[in-house]
Amino acid sequence: MAEAALGAAQWVVGKALGPVADGLLGAWSASSNFGLNIEDLRMELLLVKATLEQAARKDICGTAMEELLQRLLDSAHNAEDLLDELDYFRIHDELYHAYDAADQHGKGCVCNLALHARHTAKALAKQLSSLSAYCFGANTGGDYRQGVARQHVSCCAWPCGRQRLPGDSSSLPNANQTGQELSGCMPKLGKLLPCSSSPHPHVHGDEVGANAQETPMHEFNRVDFSQRMKDTVEQLKLMRNEVTKILQGCGPRTIPDIAQSRPITKGRIDEPKLYGRDTVMNNIIHDITKGQQYCTKGLTVLPVVGPGGMGKTTLIQHIYRNQQVQNNFPVMIWICVSFNFNLDKVLEQIKIGTRPVDSEKEGSTAEELIEERLKYKRFLLVLDDIWQISNVGDWEKLLSILNQSQEKGSMVLVTTRFRAIAQMVKTTGHSIELDGLNSGEFRKLFLTFVFGDEQCPRDKHFLLETGDKIMEKLKGSPLAAKTVGRLLSKEHSLYHWKRVLKSKEWEKQTDGIMSALRLSYDFLPFHLQQCFSYSGLFPEDTYLKSYDLTSLWIGLDILIPSDQNQTFQDIGLSNLNELVNYGFFKTEEIGGDQRYVMHDLLHDLAVKVASHDCLCLHLPNVGSVEIQPTTHHLTISTHDLGEYDAVSGEKLRSELEELKTKLKVEHLHTLILLGKMDGSFAKIFGDFLWEANALRVLYLLDMMYPMESMLHNFSGLVHLRCLCLGTRDRGMHLPLNISKFYHLRVLDLEPWGGSCDLPRDMSNLAKLCHIHTRRYGELHSDIYNVGKLKLLEELKVFRVNKKSEGFEPKQLEHLSKLRELGIYNLERIHTKEEATRTKLMEKNYLRRLTLEWDSKRSSVEPGVEAAVLESLQPHGDLQVLCIRGHGGPSCPTWLGDEFAVEALQSLYLCGVSWEVSPSLGKAWDLRELRFEDIAELKEVIIEKSFCMLIKLELIGLGSFENWVFPAEQESSLVGDLLPPDAHMFPLLQVLIIRKCPKLLGFPFSNHISSPDWFPKLQELEICDCPEFFWPVIPMSWIESLHHVLILRVKLLQKLECSKSSDGVNLLIEGTGDLHSIDQVLVFDKETGLEKLTLDKCPPLELKHLLMLTSLRTLIVQDSVGLVGPLGGGQSDVEWQLPVEYIRIDDLNGNTGEELTDLLPTSQSSPNWKYGNGGGEITAAAAAEEEDDGVLLFPPHICDSLRELEFINCQELVLVDPPTLVPGGGGLQALQSLQTLTIQFCPKFLSTFSFSCHIFPSSLQSLELLDVEGMGTLEPLSNLSSLTRLELCDCGVDLKCQGLWSLLATGDKLNKLEVHGSPGFFADWDPNPGRALEDAEGGEEQQTQLVSSTLRELRTDDIAGLLAASICRFLSSSLTKLWGESCEGMERFSKEQEDALQLLSSLRN
């Protein structure tokens, strides 16, 4: 911990020296005494810095030294605050030409006297304020009153007299004015500038008095500042001397070898069973022993990367000991590299691990021996646990030595925690990345360590609830399972397990997961340790944008530019990428944006290593958290606070009062408030945070009330660097005085949903680098005189001449740090001289540029707009360029023949008037190209440089007809001068063509079948191109893409192919001109297609079916037939269709016969749905009958069919006697059928005699809609497995007779729904003592029914249901009842009400 305190002290001292480093602060002070104070403080800080540098070379340790360094750190913080505050007033004086802080007034000796009097009065006022605090501070809320006293017992509000604004000639001194200043310098009551975010309109600076604009947020007292500086110098000197004394007895520092903390791994298996890695292990074993990607090549290096504790070594040990692997590799070597890759040691261990050969020479070097011994051997080398490779040349040399082997298929397996190492060493296209185990496998592993078995013993089940909560915290880490599992195994008691959960005791284990992760943290350089540890202030599992992290780091002064050529964003992104490479952050793409997330265990590590400085609280649980008095950074979550009442309010107040005793609110540098809170809670927070004046970073993400409700002293936060404000209240206004935070570098308004009126003097924030906003950055366009913000790195929207002044093109002249710029309303620039004033060519950091002319402008001047665009040439390092609405006839020369933006990666042209596309032959780094709404463009030139294109979009090109090739590669849609294997777009991943009505096709229609044209394509979209001829595409090519969408082209209304977790899905919707699937698609080989939907398509043919070997779902709708003839000379071909689900809608062919031919080919029984049949289908006939309407199910279907649906089959009938299956049997023959749905088939039972049961007894769910003819439920009495029965519109005369049999026989029916049968329950008596006729023997038996199983009932016969005998029968089971009253029924009768009361189990 002493090392951490030392690093922090060095960092803070370096920050404190910042304001005095350039001499501006010293020069600003006009007083010799005051200047000496600043110089004394600067000199003392330098001495402290030198002392700390000396301490860094000493072996320091122990709690005493740690405490001394902490006290020195506190003094350095005081010095930093003091100098930072002074710098604030320096900036204010420069902005307003004020003299309040200076000792010498610029207007002469009379004003000097006034200034001395004022500062003395302020010192006296402070003493009076202290006296007031002494008198009133004893009561509760004394801090608040003390603050009020400080406000009202003060010397004149800043400033006393009127200062001169820039350009204000009326501010010149005169006699009257001097007299006013003299009189104004007497002590009097004054007000500080009010802070307001209340919902009232903002007023701009030219609409209010000068004082309101000139007043700083904090008064300056020179006498007080002088004394504070003297005190701070004494504190620093005292602590420095104490530290120096101790350092004299300390020896030189010995750098700990992190390798000594790492166990030496070997090839033996430490864990006998591998959990959750079977798939990846088997894949690696297959690839390195049989796979073509490795076995046929020379040496391959395959890295396995993942955080500490993820089981990388264990996985490789199991691979290393696998018999198949050992048989494949005659030579196997395991080397534990650990911290530093040392080539000599590695070579020595390889030499030891290889057997001598006869051909080796005596005296040979290790390199020569290895080359000779491995020359004719296939080998497997494991390099375990590589942390760093200091010399890349050493690694390359090792590969050179190993590559001398003439045997194919040798492998090097590398394990590492760091992506940077994996990227360096891999020779394949990918790495093996290990993350946490899935929950099921992790549970087995965890329970094995706890109980010695994968299952929890019965008598220990009471522990599982707590165990599950612990497992959730461990996020699938195998090492965490081992660490915590063994910890829990010591005592199988609920008390012990809950204590472990609450205290996170595994973090304290010296050989556990935290120790493993801590090693990775210790390996980081100090600046990355800071970036990582402070990131723990954000909640776990938060997906962060890059600027979320960099903004925090900027606000905390972690990112220090080493020279003038670096921006904060450059440094922040570099640090973030390093943390990703080191494995501390993972990246994921969400909604097209890159997000960063920290693994939960790593988040725990960040919280742990920063616990001396950072605190995360979840209110109202304050008392249970360990709080350090050195805390400077605080995150508070109010998500669990609940609604306000007197009890909860008092509890929160007492919790916060207790918190105040444990940390010093006035020392807080960071405050992040997450979640909403009631206004009364906000007031309590305001009292708690009254003294939080040292804040550098402030996040208020969900403001519901004005700022002063939460932070009474918001106007006094003169140190603020990063401010993030958010609200959902559209009436909420931004605080008026954010323009007075002169040190502000980041203003994050991305979560702000309120009114966005910026103060007129925002340009005072000269240090501002970033303004993050929503709504495409439109807020940027409101910044008046934005040219003063010379450090600004993004200005997404600058509207030319938005107002009469402050928005001229010259405002952009000195914004040299811009990385992103959008210039809009360029039609308001009328001369090239105005355009040149933007100085775009000189902005060498600029990476993204948007140039836009208003498409709705009243007139277009092509010549003027051409000259303006020519003068807006950007720097050559520009990467992204967007030009919209340009009315000139052609592109500028710097984008054409004299191409000057050679670093360009993305080009977007929208709504321009150019007739010829730009000449992009020199844009060798171009990755994305988009042409949109360019009406005159007839040709698109395919340049050689397009070989780097990843995304190409052509949208709304009304005249686009031809693709044009360079002269040396001329080709056309009919010609073929290109080699068949040419790669025109070798890297293209996305191709989108929309609304190009004249385009006839691809530039290479004849070669679309060659995968060489688009070897990397992942997404293809062609929409609304009516003349576009879709060529015959191989299914294998389509299947290789992630997504294909073709809409409204020739022959096709729609073709869509997509991949998902459910497999590959293909939909084809044809037009009247599509007569065969072969016109658009070729099934060139067996396909992995799992779902096929055909709409308005010709029938499938046998050659198609032969390729659908993976098909599970087949849907055919609105087509002329299901399948074509299955003979045609191929009838003797043996094949099977693996389809599991068939749906047919609006088929016009002979469905019964086609299905009868198709179903015998099915490997398993499909779930079958038939609807809207146009042809007549009879669902029963003898097998020998030749009826084209007969549907016959083959025997294997009868044994396995589980789901069957008939929907809207108006002619479907069940014939009596039923012989649906060859040899008879009816639907009862479908012995595995579980779900049957028949809807809108009115003739289904029209010819059935009901001489036997209709449906098979295996049914569990039966739905009949608009199927009349049953009369009673007796035909269903055999359905002993039925759990759900729905009968809708099955006849007004349908009665419930037979229902008792369903309940008595199966005892499973629990859901019943009956509609459209108003007398269904009438006269039903479910008395169990009645005689029942046995369905088979016809004998009467006395059957005793214990109770009903029916739990849910819906019916429109509520009148019939409410009979005492029925309700008594249902009373013990029925929990939900939905009923509709019968027609004419206004209220229940007395008997019905009594019956309803019998339903004692009813809950709904």
Side-chain angles (χ1 to χ4, degrees), residues 1205-1210 1212-1214 1227 1235-1250 1253-1255 1259-1279 1282-1306 1309-1327 1330 1332 1348-1370 1373-1374 1376-1386 1388-1389 1391-1392 1395-1396 1399 1402:
E1205 295 182 22
F1206 294 98
I1207 299 177
N1208 200 21
C1209 301
Q1210 299 293 321
L1212 186 68
V1213 296
L1214 185 64
L1227 289 176
T1235 301
L1236 175 63
T1237 300
I1238 306 176
Q1239 297 179 357
F1240 306 111
C1241 301
K1243 297 182 180 181
F1244 187 77
L1245 298 176
S1246 60
T1247 63
F1248 194 69
S1249 66
F1250 300 101
H1253 296 118
I1254 311 174
F1255 307 117
L1259 273 187
Q1260 297 176 9
S1261 176
L1262 174 62
E1263 179 183 343
L1264 302 179
L1265 173 59
D1266 194 16
V1267 179
E1268 299 186 9
M1270 238 181 352
T1272 70
L1273 301 189
E1274 294 292 349
L1276 310 181
S1277 60
N1278 67 314
L1279 303 182
L1282 199 66
T1283 61
R1284 173 181 170 270
L1285 176 61
E1286 184 175 340
L1287 304 170
C1288 296
D1289 297 323
C1290 293
V1292 294
D1293 56 346
L1294 180 65
K1295 303 296 182 183
C1296 71
Q1297 276 66 30
L1299 176 60
W1300 190 90
S1301 299
L1302 290 174
L1303 296 170
T1305 306
L1309 185 65
N1310 54 59
K1311 293 183 181 180
L1312 173 64
E1313 183 172 348
V1314 183
H1315 290 283
S1317 301
F1320 184 75
F1321 289 106
D1323 303 324
W1324 181 47
D1325 182 9
N1327 183 356
R1330 59 178 280 188
L1332 295 178
S1348 163
T1349 58
L1350 200 64
R1351 294 198 301 269
E1352 298 182 18
L1353 173 61
R1354 291 176 181 265
T1355 179
D1356 55 0
D1357 183 22
I1358 194 68
L1361 174 70
L1362 294 180
S1365 59
I1366 300 177
C1367 291
R1368 188 176 296 111
F1369 171 60
L1370 300 175
S1373 63
L1374 196 65
K1376 295 182 180 180
L1377 172 63
W1378 294 267
E1380 300 174 12
S1381 61
C1382 299
E1383 185 177 351
M1385 181 180 179
E1386 296 181 0
F1388 291 152
S1389 66
E1391 291 79 7
Q1392 290 171 332
L1396 184 60
L1399 298 175
L1402 207 60

* Set of side-chain hydrogen bond (donor to acceptor under 3.5 Å, both in side chains) partners for Glu1352, sequence neighbours left out -> none
* Please round to the nearest 0.5 Å and tell me the distance separating atom SG of Cys1367 and atom CD of Gln1392. => 9.5 Å
* To do: Any chance you could measure Leu1402, atom CG, to Leu1396, atom CG, to the nearest 0.5 Å?
  => 7.0 Å
* Hey, could you give me the CG/CG distance between Leu1362 and Leu1377, rounded to the nearest 0.5 Å? => 7.5 Å
* Structure fact -> Closest non-hydrogen atoms of Ala1395 and Ala1364, given as atom of the first, atom of the second and distance, are CB-N, 3.8 Å
For residues 1267-1275, run the donor-acceptor check on the side chains, cut-off 3.5 Å, and write out each pair with its distance to 0.1 Å, sequence neighbours left out.
residue	atom	partner	partner atom	Å
Thr1272	OG1	Glu1274	N	3.2

* Reported CG-to-NZ distance for the pair Leu1399 and Lys1376, which is rounded to 0.5 angstrom -> 15.5 Å
* Structure fact -> Residue pairs passing the salt bridge (charged side-chain N to carboxylate O under 4.0 Å, His left out) test with at least one member in residues 1292-1301, sequence neighbours excluded, are none
* Student check: side-chain heavy atoms of Leu1285 and Leu1279 closer than 4.5 Å -> no
* To do: Taking all heavy atoms of Ile1358 and all of Gly1379, pick out the closest pair and write down the distance.
  => CD1-CA, 4.2 Å
* **4.5 Å side-chain heavy-atom contact, Val1292 and Pro1318** => yes
* Among Ile1207, Ile1238, Asp1289, find the one that has a side chain to side chain contact (heavy atoms under 4.5 Å, CB included) with Leu1265. => Asp1289
* Structure fact -> With sequence neighbours left out, the residues meeting salt bridge (charged side-chain N to carboxylate O under 4.0 Å, His left out) with Lys1311 are none
* **Check against side chain to side chain contact (heavy atoms under 4.5 Å, CB included), Leu1276 and Leu1282** => CA-CA 10 Å; Leu1276 310 181; Leu1282 199 66; 5.7 Å; no
* Asked: Of all residues at least two apart in sequence or in a different chain, which pass the side-chain hydrogen bond (donor to acceptor under 3.5 Å, both in side chains) check with Gln1260?
  -> none
* Asked: Atom CZ in Arg1351, atom CG in Leu1374: separation rounded to 0.5 Å?
  -> 10.5 Å
* Asked: Donor-acceptor pair, Ser1373 side chain versus Leu1350 backbone, under 3.5 Å?
  -> yes
* **Reported SG-to-CD distance for the pair Cys1288 and Glu1263, which is rounded to 0.5 angstrom** => 7.0 Å
* Asked: What are the two closest heavy atoms between Phe1369 and Trp1324, and how far apart are they?
  -> CE2-CH2, 4.0 Å
* **Flag side-chain contact, heavy atom, 4.5 Å: Phe1255 against Leu1264** => yes
* Asked: Does any non-hydrogen side-chain atom of Leu1370 lie less than 4.5 Å from one of Leu1361?
  -> yes
* **Residue list, side-chain hydrogen bond (donor to acceptor under 3.5 Å, both in side chains) with Glu1286, at least two apart or on another chain** => Arg1284
* Asked: Are the side chain of Asp1357 and the backbone N or O of Ser1317 linked by a donor-acceptor pair below 3.5 Å?
  -> no
* Output yes when a side-chain donor or acceptor of Asn1278 lies under 3.5 Å from a complementary backbone atom of His1253, and no otherwise. => no
